[in-house]
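Since the structure comes first, as structure tokens, the remarks are kept for the end.
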Amino acid sequence: MTKEQNDRMEKILSLCKRRGLIFQGSEIYGGLAGTWDYGPLGAELKHNVKNLWWKRFVTDRDDMYGIHSAILMNPRVWEASGHVSGFSDPLVECSKCKRRFRADHLENLDKCPECDGNLSGEKQFNMMFKTNIGATEDGESISYLRPETAGGMFVNFKNVLDSFHPKLPFGLAQIGKAFRNEISPGNFLFRSREFEQMEVEYFVSPENWKHAFEEWRGVMIDWMKEIGLKKEHVFEHEIAEKDLAFYSKRTIDFEFKYPFGREELYGLAYRTDYDLVRHSEYSGIDLTYFDEDQKLHFTPHVIEPSLGVDRTILAILSDAYDEEEVEGEMRVVLRLKPIIAPIQVAVLPLMKKDGLAEKAKEITRELKKNLRLMYDESGSIGKRYRRQDEIGTPFAITVDYDTLKDQTVTIRDRDSMKQERIAINTISSYLSEHFQ
RNA sequence: GCGGGUAUGGUUUAGUGGUAGAAUGCGACCUUCCCAAGGUUGAGACCCGGGUUCGAUUCCCGGUACCCGCACCA
């Protein structure tokens, strides 16, 4: 990472802390690596992102079913999914140069491939967090914090089939926390031990997987555009056949140019019928679908668009963060799309006297019913504009002396800093028009 | 996990074996008719635990967190 990239990351981090978006987890106790807490504005931003996703991926469609499954699941779920055996890596360490290697990637387990030093015995690293169900710590009670949300959807496939009788193709979706015991978390929100996912498992007839794959690919591209990610920072990385996970026939990684480099943001995978077949085997329950037209039972195949919430937030912040020089001063602006901005509009009295504050509060009360709004009267008007710029508020309404005379206000655009004068009773329609 | 580095108000930092300044931000008051103006004033910090010492924010050891490299990321 270059110094410049590192600086940019640190600036975003310090802005997040300064303005109450995101804090280090457990900070007053010295922190806990790989955990982050969202402050008031960050929580708002995150909610907006999740709500928008839910709308676009679930409620706007007529083939999607949203669920919310438990984080703790029967450990057999993870045996079936392959996580208990496959989610751990056997590692060996060189006693001389201290490098680590995956044991299953080496041909000779006696000598270090780098320096010819001796290698330690294999150690298993399972990335799943273990926990105990019940008060006693015997082997029977072990469970895991889910390492991904997908399992909850496969496990409920039959429930949704039986209660809603959907026709193929249809999908299940959920947003929820997942946990991975990462060896080295880092790069702010990019790799953390506790994170949130937005996932879809879309079930199709085997012959239709290509069509569904392309459709979801388009949905994901539209999504990235809608939340304001720069097109030139998004890359589609087609995973080569030899690198595909054993269950997948095709996978695209959507990569993003973060300040620290180009890394994965989202994934889109064709998982064949692997999951349903495995869960059927392990549970002994029939997880096939009956096609009325063909009078035929078969196991649907799955297209899985998988999106990380926290990586989304990181991508949004890194594309939104901007600095520009205005009259010799540095202006920091978070160019968030209005649809996800924590605060949509600020209401500011030009002065804190002559009844301007009272008038501004009156407008605040009215608008706050339908908008994410912040009222601010402290310091100079210029300072308040800059404060709103830093938290990405797209519009600022200023109540001045003309307001008292003719019931108009000025409305300032965050990005252009231009102002228009409009009537108070047209504020709502003005905003909704400009939120698109 | 390994190696190296860093840790001082909210943020960015100066500095010291006798417990600390600054800038900026924040609060209050005054002033101000639109982009971090000015004045007065106030609150606010040495990451945690041991050790050495009369005395440790400073030196030593351990821990934690973050940063940089390596490795890892089904």
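Below, chains carry the letters A, B, ... as their sequence lines are ordered, and counting in each starts from 1. Computed from a predicted model, the values in this text were never measured in an experiment.
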Heavy atoms under 4.0 Å, any strand shown: does [X] hit a base, just sugar-phosphate, or nothing?
X        : answer
A:Glu148 : base
A:Tyr247 : base
A:Ala245 : nothing
A:Gly20  : nothing

Mind checking the NZ-CD1 spacing from A:Lys337 to A:Ile316? Nearest 0.5 Å is all I need.
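Nearest 0.5 Å value for the NZ-CD1 distance: 10.0 Å.
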
Is the distance from OP1 or OP2 of B:G10 to the nearest side-chain N or O of A:Lys17 less than 4.0 Å?
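No, no such contact exists.
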
In whole angstrom, give me the gap between the [atom1] atoms of [N] and [M].
N     : M     : atom1 : result
B:C48 : B:U31 : P     : 44 Å
B:G18 : B:C60 : P     : 16 Å
B:A36 : B:U6  : P     : 38 Å
B:C47 : B:A56 : C1'   : 15 Å
B:A37 : B:A45 : P     : 26 Å

For the pair [X] and [Y], find out whether any cationic side-chain nitrogen is under 4.0 Å from an anionic carboxylate oxygen.
X        : Y        : result
A:Arg278 : A:Asp275 : no
A:Arg335 : A:Glu324 : yes
A:Arg146 : A:Glu196 : no

With both distances under 3.5 angstrom, what nucleotide forms a Watson-Crick or G-U wobble pair with [N]?
N     : answer
B:U12 : B:A22
B:C70 : B:G1
B:G55 : none

Atom [atom1] of [X] to atom [atom2] of [N]: distance rounded to whole Å?
X        : N     : atom1 : atom2 : value
A:Leu13  : B:U12 : CG    : C1'   : 13 Å
A:Phe190 : B:C67 : CZ    : C1'   : 17 Å
A:Asp37  : B:C66 : CG    : P     : 13 Å
A:Tyr29  : B:C48 : OH    : C1'   : 12 Å
A:Ile28  : B:G10 : CD1   : P     : 13 Å
A:Phe260 : B:G69 : CZ    : C1'   : 16 Å
A:Gln24  : B:A7  : CD    : P     : 17 Å
A:Ile391 : B:G25 : CD1   : P     : 16 Å

Test side chain to side chain contact (heavy atoms under 4.5 Å, CB included) applied to A:Gln344 and A:Ile339, step by step
CA-CA 8 Å; A:Gln344 295 171 299; A:Ile339 199 166; over 6 Å; no

Heavy-atom donor-acceptor pair, A:Arg8 side chain to A:Ser318 backbone, under 3.5 Å:
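Such a contact is found between A:Arg8 side chain and A:Ser318 backbone.
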
Under 3.5 Å, is there a donor-acceptor pair linking the side chains of A:Arg387 and A:Ser378?
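On atom types as modelled, these side chains qualify, holding a pair under 3.5 Å.
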
Mind jotting down which residue pairs meet the salt bridge (charged side-chain N to carboxylate O under 4.0 Å, His left out) criterion with at least one end in residues 30-44 of chain A? Sequence neighbours excluded, please.
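As it turns out, there is no salt bridge (charged side-chain N to carboxylate O under 4.0 Å, His left out) pair with a partner in residues 30-44 of chain A once direct neighbours are skipped.
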
At under 4.0 Å between heavy atoms, which parts of nucleotides 26-39 of chain B does protein reach? Answer with one letter per nucleotide, 5' to 3': B base, S sugar-phosphate only, - none.
SS-S--BBBBBS--

